Trainee: 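Sharing a structure here in structure tokens format.
Keep in mind it's a predicted model, so treat the numbers as computed, not measured. Counting convention: from 1, in listed order, for ligands and their atoms alike.
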Amino acid sequence: MPLGISQKAGNIAPSATLAMDAKAKAMKAAGENVIGLAAGEPDFDTPETVRDAMKEALDLGMTRYSPVPGTLELRKAIIEKFKRDNGLTYTPDQIIVSNGAKHSLYNVFFALLDEGDEVIIPSPCWVSYPEIVRMVGGVPVFVPSGEREGFIPTPAALEAAVSPRTKAFILTSPNNPNGCVWPRAALETLADLAVRHNFYVVADEIYEMLIYGTEKHVSIASLGDEILARTIVINGVSKTYAMTGFRIGYAAGPREVIAAMTNAQSQATSGPNTPAQHAALRALIMPQDCVETMRRSFEERRDAIVKGVNAIPGLSCLKPDGAFYVMMNVTRLLGKRCGERKIEDCAAFADALLSEVKVVTVPGNAFMAEGYCRLSYATSMDNIQEGLRRIEAFVKTLV
Ligand code: PMP
Ligand code: GLU
């Protein structure tokens with residue numbers, strides 16, 4: 001047998017979002033004056049009471065293995081959260097806590113997919129979905145949509161993507177990378193489709209608290225018993241409470257799916273980090289006003305970045321209703337030259353932006369969105385303004 005890695009592992013693309021963020025951090029550490037607009041990570045400090053809970057946990061002796069699906073106390077707090085925020089009722093055996101929502105997603109698809117099962121993913125989509133689906137033997141089926149549809153696929157496009165092998169659909173609202181929020185009518189159409197064709201909806205609601213303007217978050221699971229029985233809701237504390245490093249995410253859904261996820265988790269990773277669960281519990285039960293404070297800051301930043309991008313000749317972006325990203329449309333500048341280099345595609349655009357003016361973005365091809373660069377506004381207003389200034393200066397040099 002020759003040495004070497006498996007075909008399965010060899011086929012996995014590394015996370016482009018994490019790679020770009022690492023690049024920005026490495027450049028900064030090397031003393032370069034970089035503006036990072038790549039990280040999908042709140043820049044706020046974790047709330048003090050949550051930090052205190054983490055410290056307390058150690059002194060309270062919470063240093064041992066946790067139950068595989070998470071502590072009962074935390075699962076009960078998650079149940080309360082679903083009741084309070086989403087009008088959903090679950091029992092503890094319908095909840096599993098994992099090492100971040102990304103791990104929850106991996107567990108869900110591990111539990112649901114047999115070789116060749118299809119998962120419908122509206123694109124542009126977050127980098128990790130297609131890779132996770134492929135890692136467990138599934139086949140991603142993309143439903144593209146663009147600015148014209150506000151990045152929400154039409155009912156006809158959704159229907160056309162369904163096949164006898166469709167096992168699940170990934171719904172991300174608010175969305176990463178495009179920030180769109182699915183209105184209730186679109187959720188109802190999707191719920192109807194899922195019930196008629198009998199497939200699961202994996203509803204990634206990690207950005208539910210980051211909605212601006214008049215849209216309200218609606219969990220598709222709350223639209224009726226039939227869709228509830230087919231939905232696995234994914235959420236976590238990373239984005240809502242600025243707790244990305246704690247690595248706590250969770251899933252809620254049908255008992256047999258959660259049980260399968262729990263079995264997989266028991267063999268692969270065991271229960272999640274015990275003190276971090278105590279901190280996550282504190283986050284869920286503390287007064288929630290800091291969430292609103294952070295949301296308001298994000299809204300101001302969104303307004304500034306949208307205005308700034310649209311004021312630069314050749315660039316544009318939609319005004320997203322949620323999350324903390326904008327998709328900067330660079331198509332009108334493709335084909336231009338930056339010195340000797342021809343800017344052929346969004347990856348070349350992002351590369352040139354980085355080398356010429358040290359602004360880090362994530363090229364749209366990472367999200368199946370050629371012609372765009374994703375900008376994260378989870379950074380200070382000063383960074384946003386300086387980033388915009390540099391992008392404008394860069395664009396002016398293109399001929
Ligand atoms: N889903 C989406 C859409 C995300 O953007 C992220 C951010 N990394 C995650 C899930 C995973 O979050 P985490 O693993 O930090 O809980
Ligand atoms: N979700 C964030 C992003 O898209 C964090 C990085 C990651 O996990 O992909 O940038």
Trainee: Can a donor-acceptor pair be found between the side chains of Q94 and T91 at a distance below 3.5 Å?
Mentor: yes
Trainee: Would you mind running through ligand 2 and noting each atom that sits below 4.0 Å from a heavy atom of N176?
Mentor: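 Selected atoms, number and element: 1 (N), 3 (C), 4 (O).
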Trainee: Determine, step by step, whether Y212 and F324 satisfy the ring-ring contact (aromatic ring centres under 6.0 Å, His included) criterion, reporting the C-alpha distance in whole Å, the side-chain angles of both residues, the deciding distance to 0.1 Å, and the verdict.
Mentor: CA-CA 10 Å; Y212 320 110; F324 38 59; 9.1 Å; no
Trainee: Need the ligand 2 atom indices (1-based, order shown) with element for anything under 4.0 Å from a heavy-atom of K239.
Mentor: 1 (N), 2 (C), 5 (C)
Trainee: Compute whether any side-chain donor of one residue and acceptor of the other, for N329 and T331, lie under 3.5 angstrom apart.
Mentor: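 Short answer, yes.
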Trainee: At under 4.0 Å between heavy atoms, is it the side chain or the backbone of D21 that contacts ligand 2, or both, or neither?
Mentor: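 The answer is neither.
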Trainee: For A39, is at least one N or O under 3.5 Å away from an N or O on ligand 2?
Mentor: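 No, since none of the N or O atoms of A39 sits under 3.5 Å from an N or O of ligand 2.
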Trainee: Identify the closest protein heavy atom to atom 9 (C) of ligand 1: which residue and atom is it, and at what distance?
Mentor: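 Result: W126 CH2, 3.5 Å.
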Trainee: Which protein heavy atom lies closest to atom 5 (C) of ligand 2, and at what distance to 0.1 Å?
Mentor: G40 O, 3.5 Å
Trainee: Any nitrogen or oxygen of S128, main chain or side chain, under 3.5 Å from a nitrogen or oxygen of ligand 2?
Mentor: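 Among all N and O atoms of S128, none is under 3.5 Å from an N or O of ligand 2.
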Trainee: Do N175 and Y325 get their side chains close enough for a donor-acceptor pair, meaning under 3.5 Å?
Mentor: no
Trainee: Does P272 offer a backbone N or O that forms a donor-acceptor pair with the side chain of Q277 under 3.5 Å?
Mentor: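 Flag set: sc Q277 to bb P272 pair under 3.5 Å.
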Trainee: Under a 3.5 Å cutoff, is there a donor and acceptor pairing between the side chains of Q265 and Y106?
Mentor: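 Judged by distance alone, the side chains do not pair up.
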Trainee: Have a look at ligand 2 and work out which part of E41, if any, has a heavy atom under 4.0 Å from it: side chain, backbone, both or neither.
Mentor: neither
Trainee: Checking Y129 against F109 for the ring-ring contact (aromatic ring centres under 6.0 Å, His included) test, could you report, in this order, the C-alpha distance in whole Å, the side-chain angles of both residues, the deciding distance, and whether it holds?
Mentor: CA-CA 10 Å; Y129 297 141; F109 291 112; 7.7 Å; no
Trainee: Give a yes or no on whether the backbone of V306 and the side-chain of K319 come within a donor-acceptor separation of less than 3.5 Å.
Mentor: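 A pair under 3.5 Å: no.
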Trainee: Compute whether any side-chain donor of one residue and acceptor of the other, for T240 and R295, lie under 3.5 angstrom apart.
Mentor: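 No, no side-chain donor-acceptor contact under 3.5 Å.
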Trainee: Looking only at protein heavy atoms, which one is nearest to atom 4 (C) of ligand 1, and how far off is it?
Mentor: Y207 OH, 3.6 Å
Trainee: Mark up the atoms of ligand 1 that fall under 4.0 Å of a heavy atom belonging to S238, in ascending order.
Mentor: 13 (P), 15 (O), 16 (O)
Trainee: I'd like to check whether K102 has a polar contact with ligand 1, where a contact means an N/O of the residue lying under 3.5 Å from an N/O of the ligand.
Mentor: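 Among all N and O atoms of K102, at least one is under 3.5 Å from an N or O of ligand 1.
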Trainee: To the nearest 0.5 Å, what is the distance between CE on M62 and CG on D59?
Mentor: 11.0 Å
Trainee: Applying a strict 4.0 Å limit to heavy atoms, is M20 in contact with ligand 2?
Mentor: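 Heavy atoms of M20 never come under 4.0 Å of ligand 2.
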Trainee: Tell me if a side-chain donor or acceptor on N273 pairs with a main-chain N or O of A276 at a distance below 3.5 Å.
Mentor: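 Yes; at least one donor-acceptor contact below 3.5 Å.
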Trainee: Which residue supplies the protein heavy atom nearest to atom 6 (C) of ligand 2, what is that atom called, and how far is it?
Mentor: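 Looking at atom 6 (C) of ligand 2, the protein heavy atom closest to it is L18 CD2, 3.4 Å.
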Trainee: Please report which non-hydrogen protein atom sits nearest to atom 8 (N) of ligand 1, along with the residue it belongs to and the distance in Å to one decimal place.
Mentor: K239 NZ, 3.3 Å
Trainee: Between the side chain of D117 and the main-chain N/O of D114, is any donor-acceptor distance below 3.5 Å?
Mentor: yes
Trainee: Should the heavy atoms of other residues, nucleotides or ligands under 6.0 Å from NZ of K23 be counted, would the total exceed 12?
Mentor: no
Trainee: At a non-hydrogen distance cut-off of under 4.0 Å, which region of R374 contacts ligand 2 (side chain, backbone, both, or neither)?
Mentor: side chain
Trainee: So which protein heavy atom does atom 8 (O) of ligand 2 come closest to, and at what separation?
Mentor: K102 NZ, 3.0 Å
Trainee: Which residue owns the protein heavy atom closest to atom 16 (O) of ligand 1, what's the atom, and how far is it?
Mentor: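 The answer is A101 N, 2.7 Å.
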Trainee: Against heavy atoms of N176, which atoms of ligand 1 measure under 4.0 Å?
Mentor: 3 (C), 4 (C), 5 (O)
Trainee: If you count the non-hydrogen atoms of other residues, nucleotides and ligands that lie under 6.0 Å from CD in E226, is the total more than 12?
Mentor: no
Trainee: In this structure, are over 12 heavy atoms from other groups packed under 6.0 Å from F110 atom CZ?
Mentor: no
Trainee: With a heavy-atom distance limit of 4.0 Å, tell me whether Y129 approaches ligand 1 through its side chain, its backbone, both, or neither.
Mentor: side chain
Trainee: Look at atom 2 (C) of ligand 1 and say which protein heavy atom is nearest, naming residue and atom and giving the distance to 0.1 Å.
Mentor: D204 OD2, 3.4 Å
Trainee: So which heavy atom in the protein is nearest atom 7 (C) of ligand 2, and how far is it from that ligand atom?
Mentor: T17 OG1, 3.4 Å
Trainee: Counting only heavy atoms closer than 4.0 Å, does ligand 1 sit against the backbone of H103, its side chain, both, or neither?
Mentor: neither
Trainee: Can you sort out which atoms of ligand 1 are near R247, meaning under 4.0 Å from one of its heavy atoms?
Mentor: 13 (P), 14 (O), 15 (O)
Trainee: Please work out whether any backbone atom (N, CA, C, O) or any side-chain heavy atom from C-beta onward of F367 is under 4.0 Å from ligand 2, and answer side chain, backbone, both or neither.
Mentor: neither
Trainee: At less than 4.0 angstrom from any non-hydrogen atom of G100, what atoms of ligand 1 do you find?
Mentor: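 Selected atoms, number and element: 14 (O), 16 (O).
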